[in-house]
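Residue numbers begin at 1 in each chain, while the letters A, B, ... track the order of the sequences. Bear in mind that the values here come from a model prediction, so they are computed numbers and not experimental data.
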Number of protein chains: 2
Amino acid sequence: MEVASRLFYKQGYNSTGINQIIEEAGIARGSLYNHFPSKRDLLTAYIQAMEESSVAEWDEVIAGIKDPRKKILAIYDICIDRQIRSDFGGCPFIKVGSEIPCEDVGAFEMINKQKNADKSYFEKLIKELYLTNAEYADKELLAATLFLLMEGAMVTSTIAKDLQPLRNARKIAETLL
Amino acid sequence: MEVASRLFYKQGYNSTGINQIIEEAGIARGSLYNHFPSKRDLLTAYIQAMEESSVAEWDEVIAGIKDPRKKILAIYDICIDRQIRSDFGGCPFIKVGSEIPCEDVGAFEMINKQKNADKSYFEKLIKELYLTNAEYADKELLAATLFLLMEGAMVTSTIAKDLQPLRNARKIAETLL
DNA sequence: GTCTATAGCTGGATAGAC
DNA sequence: GTCTATCCAGCTATAGAC
């Protein structure tokens, strides 16, 4: 049941109880524990589902754009749109990473994997952009910049409940590209 | 008692119980509730204490440096040092912001105030740097860039348990200045 | 496989002795 | 003001009927 996802994202993992999940999902306690042996397994499923839907959304939007430069800026637009849709809920992975105990190595690895994938996504688009322009040496640093700006803008936007940080990041990206 | 601060930072606010706090602090339940009527009040005190110690550390380090450019880079060095000291604990304000319910407007305002102060700190240093150079128009956007890079690098470093994102951010800042 | 009932514990908070 | 004892609600998880 992925009503859990909604609650984990909105309220946080620790603040969401099994009771609430089964109640809102309209199922029984035992049924849930049959599919997910523990709450922790629900978290794993949640993170994986978010990973897949996130990259799927990026791919989908990118597919309709030809100019690599516009592709990169479209990523920023997606994030702006997500913040609006989620009422400034922020990045689900950063949220989870902030509340799980650091002993939970497995969860951190999943999150880290996802963030590395995002960064690689930027690298891929940067390479596409500078395919013909070999003189631009430090493509990786540029991708890292775009990624860090994005992450910083997301957390800042979430705390301030304001889109301006993301718009700023987009503007900066525009001048960098 | 600010043994609570240590636990809030290390384990998270939600994951830290009153029981553990009084136990590790070696005091009784009632004593704590005399000074702090609720756990929430402990959180307020925690955030304020972190705010003060953070800005104090910045001021202290900055005071020993003359070149404005080096001052800004020193801020990045402080953050690198903090990540080492805290074993990649990350920014306490972002952590708290990720786990408290969004209804807690008071907490969000405190955190937001602190983040705005950080951003203003960058703006102040930028103005100092470009005092004689009036032609550099968009000082605020540059400060915003430095701030967003810092925030992004902090969260990324925390998730990856790696200093490289912060070192990258510092390198980027060097080229921007 | 899905249900109810309940175990076993820990959370935050209060009452009242001293 | 500091202590101990205790309340009650909530948590995760299990047992066992159907």
Side-chain angles (χ1 to χ4, degrees), chain A residues 1-50 89 92-93 95-111, chain B residues 1-50 89 92-93 95-111:
Chain A
M1 288 305 163
E2 300 342 340
V3 66
S5 294
R6 205 191 72 238
L7 294 173
F8 284 166
Y9 181 58
K10 202 164 71 177
Q11 309 179 340
Y13 173 69
N14 286 323
S15 304
T16 303
I18 297 285
N19 294 329
Q20 192 184 5
I21 295 171
I22 59 169
E23 192 183 342
E24 296 203 17
I27 58 163
R29 208 171 232 77
S31 308
L32 184 135
Y33 275 96
N34 259 350
H35 295 276
F36 301 95
S38 83
K39 189 188 174 186
R40 185 49 234 286
D41 295 275
L42 224 50
L43 177 64
T44 304
Y46 165 64
I47 296 176
Q48 283 173 348
M50 291 304 251
F93 308 104
K95 278 191 78 167
V96 168
S98 294
E99 63 175 334
I100 56 172
C102 55
E103 298 92 60
D104 191 342
V105 186
F108 265 98
E109 275 175 8
M110 278 193 291
I111 296 170
Chain B
M1 288 304 162
E2 304 337 347
V3 67
S5 295
R6 203 191 73 237
L7 294 172
F8 284 166
Y9 180 59
K10 201 165 72 176
Q11 308 178 342
Y13 173 70
N14 286 324
S15 303
T16 302
I18 297 286
N19 294 329
Q20 191 185 7
I21 294 171
I22 58 169
E23 192 184 342
E24 297 203 17
I27 59 164
R29 211 171 230 79
S31 308
L32 184 136
Y33 275 96
N34 260 349
H35 296 276
F36 301 94
S38 82
K39 189 188 175 188
R40 182 52 232 284
D41 295 274
L42 224 52
L43 177 64
T44 303
Y46 165 64
I47 296 176
Q48 283 173 348
M50 291 304 250
F93 308 105
K95 278 190 78 166
V96 168
S98 295
E99 62 175 334
I100 57 173
C102 55
E103 298 92 62
D104 191 342
V105 185
F108 265 99
E109 275 174 8
M110 279 193 290
I111 297 170

**OP:** Round to a whole Å and report the spacing from CG of Leu32(B) to C1' of dG11(C).
**Re:** 14 Å

Subject >> Nucleotide nearest Asn34(B) when distance is taken to its side chain, options dC3(D), dT2(D), dT12(D) >> reply: dT2(D)

Original post:
For Leu42(A) and dA13(D), what is the distance between atoms CG and P respectively, to the nearest whole Å?
Top reply: 10 Å

**OP:** In whole angstrom, give the distance that lies between atom CD of Glu23(B) and atom P of dG11(C).
**Re:** 10 Å

Original post:
Between dG10(D) atom P and Asn14(B) atom CG, what is the distance in whole Å?
Top reply: 16 Å

**OP:** Could you tell me whether the side chains of Ser38(B) and Asp41(B) share a donor-acceptor contact shorter than 3.5 Å?
**Re:** yes

Original post:
Please give, in whole Å, the distance from dG11(C) C1' to Leu43(B) CG?
Top reply: 16 Å

**OP:** Please say whether the positively charged group of Lys39(A), taken as NZ for Lys or CZ for Arg, lies over the ring of Tyr13(A), i.e. under 6.0 angstrom from the six-membered ring centre and within 45 degrees of the axis.
**Re:** yes

Original post:
Taking the side chain as C-beta and beyond, is there a heavy-atom pair between Val96(B) and Phe8(B) under 4.5 Å?
Top reply: no

**OP:** Map Lys39(B) and Gly30(B) onto DNA chain C by nearest heavy atom, then report which one ends up closer to the 5' terminus.
**Re:** Lys39(B)

Original post:
How is Thr16(B) classified with respect to the nucleic acid when contacts are heavy atoms under 4.0 Å: base, sugar-phosphate, or nothing?
Top reply: sugar-phosphate

Subject >> Under 3.5 Å donor-acceptor, Lys95(A) side chain and Gly12(A) backbone >> reply: no

Original post:
Does the side chain of Ser31(A) get closer than 4.0 angstrom to OP1 or OP2 of dG1(C) through an N or O atom?
Top reply: no

Original post:
What nucleotide, of dG1(D), dT14(C), dT2(C), holds the atom closest to the side chain of His35(A)?
Top reply: dT2(C)

Original post:
Quick one: Ile22(B) CD1 to dT14(C) P, roughly how many Å, whole number?
Top reply: 15 Å

**OP:** Rounded off to whole Å, could you give me the CD1-to-C1' distance for the Ile21(B) and dA13(C) pair?
**Re:** 13 Å

**OP:** Return the value, rounded to whole Å, for the distance between atom OH of Tyr33(A) and atom P of dT12(D).
**Re:** 6 Å

